[in-house]
Amino acid sequence: MPELPEVEVVRAGLEPVVTGAVVTSVVVREERSLRRHGGPAEDFAERLTGRTMLPPLRRGKFLWIPLVPRGADEHPDALLVHLGMSGQVLLRDRTVEDRLTRIRVDVDSPGHGPLRLAFVDQRMFGSMALDRLVPTGVVGERVPAQVAHIARDPLDPRFSDAAFLAALRARRTGIKRALLDQTLVSGIGNIYADEALWAARVHYDEPAAALGRVRAARVLAEVRLVLARALEEGGTSFDAQYVNVNGASGYFSRSLRVYGRQGEPCPRCGRPIVRERFMNRGSHLCPRCQRRPSPLPPVPLAEV
DNA sequence: ACACAAACCTGCCGGC
DNA sequence: TGCCGGCAGGTTTGTG
């Protein structure tokens, strides 16, 4: 369940259950699901067993559970999770078993007793890892080392609109590329990029720097709006692949305006939505509301 | 800086 | 029925 709202649904679902929970046993059934872990499965299991979990945190599509350090001088670390395209974190009774469970982390939860945190991942693009926490520059704030290069997301209170808009103006690339660049702004994936651009009436290939302040701000506002609305609806689920920690689907697919709706009328003007190939994936847009930008004029020779 | 392709994977769907 | 190409919400890495 990949984009920000879906990952946040998982984080929020884990919080009341795993906070204060103690890891009693770890079973790695698929070593490839530890791609992000810097070491063998035995290392992962040994270092995680016996640890106590702190409230889960998230940045963009990365989720992590900080762990209480074993000793005062030990480097703080966290159980890092990225869901990739098809990953799930499910809270289950320990008796439940299925073949797509790649990693099992059994915990004793202070409020919920013995439980299993199951990392389920059909395609194995996601992974877990133990990662050390590094300072961000904000006093008292740390993130996993693998998250250090990821920008804050638009729902982060410390996200700077002004800095993001300035960075957009400096970008010599199209707006959708910029929105999907997790080092510029995180949490946005293919669905919500298409939805926000439709809402802002901006074509995906419009040069980011040429948007102008008003339209750029509009894009950011629509991004924030669609992420927040999707979160309220429990995220976007097209099938049983994208679910919360209890295995339940979100309802935002009903609210999608363009994603996956090629051929259907634009909710605003009635023209059929089209799907185009862009960045090796589908881009959905209304060809009337989102006009393709005219090519940039050639740079005069005198300026070269 | 930026664009692009490939790599990492499984499963489903439509067409033949 | 079976096979095959195309499709899927992500990130990283290497090349140009």
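Chain letters run A, B, ... following the sequence lines, proteins first and then strands; every chain starts at 1.
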Does any N or O donor sit under 3.5 Å from an N or O acceptor when you compare the side chain of A:R123 with the base of C:dA8? yes
Round to the nearest Å and state the distance from A:M128 atom CE to C:dT11 atom P. 17 Å
Paired with C:dT15: which nucleotide, if any, by Watson-Crick or G-U wobble criteria at under 3.5 Å for both distances? B:dA3
Looking at B:dT10, which nucleotide sits across from it as a Watson-Crick or G-U wobble partner, both distances under 3.5 angstrom, or is there none? C:dA8
Sorted by position of nearest nucleotide on DNA chain C, 5' first, the leading residue of A:F62 and A:G282 is A:G282
Inter-nucleotide P distance (B:dA6, C:dG5), Å rounded: 16 Å
Hey, which of these two, A:T173 or A:R32, hits DNA chain B nearer its 5' end, going by closest nucleotide? A:T173
Rounded to the nearest angstrom, tell me the gap between atom CD in A:E31 and atom P in B:dC8. 16 Å
Using whole Å, report how far CZ of A:F278 lies from P of B:dC2. 14 Å
Is a side-chain donor-acceptor pair under 3.5 Å present for A:Y204 with A:E276? yes
Between B:dA5 and C:dG6 - P atom distance, rounded Å: 15 Å
For A:N280 and B:dA5, is the shortest distance between a side-chain N/O and OP1 or OP2 below 4.0 Å? yes
Please verify the inter-ring angle class for A:F252 with A:Y192; under 30° counts as parallel, over 60° as perpendicular, anything in between as tilted. tilted
Below 4.0 Å: OP1/OP2 of C:dG9 and any side-chain N or O of A:K61: no
Across the strands shown, which category fits A:Y192 at heavy-atom distances under 4.0 angstrom: base, sugar-phosphate, nothing? nothing
Give a yes/no answer on whether the side chain of A:R99 brings an N or O atom under 4.0 Å of OP1 or OP2 in B:dG11. yes
